[in-house]
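If you're wondering where the values come from, they're calculated on a predicted model, not measured in any experiment.
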Amino acid sequence: MRLHRDPRLVVAVAAGGAVGTVARYGLAQLLPPGDGVPWATLTANVVGAFLLGLLLEALARSGPDVGRRRLARLGLGTGVLGGFTTYSAFAVELDARLRDGHALLALGYAAGSIALGLAACALGVVVGARRAAP
């Protein structure tokens, strides 16, 4: 059966996406933009990168991508963390800062987001690998 035709996996991604999106909305309520920096989006993307690195490393080390592991990868990774993180908000926020004439802030936000996201993902992979080690 093709993956996109398995209704259980589609429901896992959709339900996970709803949970992740609501969590990001809650984070946005807790962290309003300050000093021109969209803290909620930055936090969601960095935390999401860490959790995705951790999840995928732990799943990869626990066995083949079948059954419950595939359901966890799609429901938690693609669904929850895909809904929690947001490339589109990041792009819109960058565009808004550039249009407002805040090129340095936009550049710092972009560079900081990418650097922190990569570092967080790498840290998540390391933590996932250590947790799986015997």
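- Contact record, Ala49 with Thr85: N-CG2, 4.5 Å, taken as the closest heavy-atom pair.
- Criterion: ILVMFWY side-chain heavy atoms under 4.5 Å apart, direct or through other members. Under it, Leu116 and Val127 are part of a common hydrophobic cluster.
- For the pair Asp35 (side chain) and Val37 (backbone), a donor-acceptor distance under 3.5 Å is absent.
- Of the possible polar contacts, none joining the Arg97 side chain to the Leu105 backbone as a donor-acceptor pair under 3.5 Å is found.
- Between Leu31 and Thr43, some side-chain heavy-atom pair lies under the 4.5 Å cut-off.
- Here the closest non-hydrogen pair linking Leu27 and Ala40 is CD2-O, 3.5 Å.
- Side-chain contact between Leu9 and Leu71: present, with at least one pair of heavy atoms (C-beta onward) separated by less than 4.5 Å.
- Clustering ILVMFWY residues whenever any of their side-chain heavy atoms sit less than 4.5 angstrom apart, transitively, puts Leu81 in a cluster other than the one holding Val13.
- Taking Phe50 as the reference, nothing meets the ring pair (Phe, Tyr, Trp, His ring centres under 6.0 Å) condition, with sequence neighbours excluded.
- Put simply, the side chain of Asn45 never gets that close to the backbone of Phe90: no donor and acceptor are under 3.5 Å apart.
- Taking CG of Leu123 as the reference point, atom CG of Leu118 lies at 12.5 Å (rounded to 0.5 Å).
- The shortest distance between side-chain heavy atoms of Val47 and Leu51 falls below 4.5 Å.
- Side chain of Arg131 to main chain of Ala58: no donor-acceptor pair is present (N/O by atom type, distance under 3.5 Å, no hydrogens or angles).
- Note that CZ of Arg8 is 10.0 Å distant from CZ of Arg70, once rounded to the nearest 0.5 Å.
- Under the rule for a side-chain hydrogen bond (donor to acceptor under 3.5 Å, both in side chains), the partners of Glu93 that lie at least two apart in sequence or sit in another chain are Thr41, Tyr109.
- Neither Leu74 nor Phe84 shares a network with the other; the hydrophobic side chains, linked directly or stepwise wherever heavy atoms of I, L, V, M, F, W or Y lie under 4.5 Å apart, form separate groups for each.
- The distance from atom CG of Leu94 to atom OG of Ser113, rounded to the nearest 0.5 Å, is 7.0 Å.
- One finds the CG atom of Leu52 at 8.0 Å from the OG1 atom of Thr78 (value rounded to the nearest 0.5 Å).
- Note that CZ of Arg61 is 11.0 Å distant from CZ of Arg130, once rounded to the nearest 0.5 Å.
- Shortest non-hydrogen contact noted between Asp95 and Arg99 is OD2-NE, 2.7 Å.
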Apply side-chain contact (heavy atoms from CB on, under 4.5 Å) to the pair Arg73 and Leu55, showing each step before the final yes or no.
-> CA-CA 8 Å; Arg73 177 178 60 82; Leu55 173 70; 5.6 Å; no

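- Listed here is the closest heavy atom pair of Arg24 and Thr86: CD-CG2, 3.5 Å.
- Residues Pro33 and Trp39 form no side-chain contact, since every pair of their non-hydrogen atoms from C-beta on lies 4.5 Å or further apart.
- Transitive grouping of hydrophobic side chains (ILVMFWY, heavy atoms separated by less than 4.5 Å) brings Leu56 and Tyr87 into a common cluster.
- Other residues, nucleotides and ligands place no more than 12 heavy atoms under 6.0 Å from the CG atom of Leu104.
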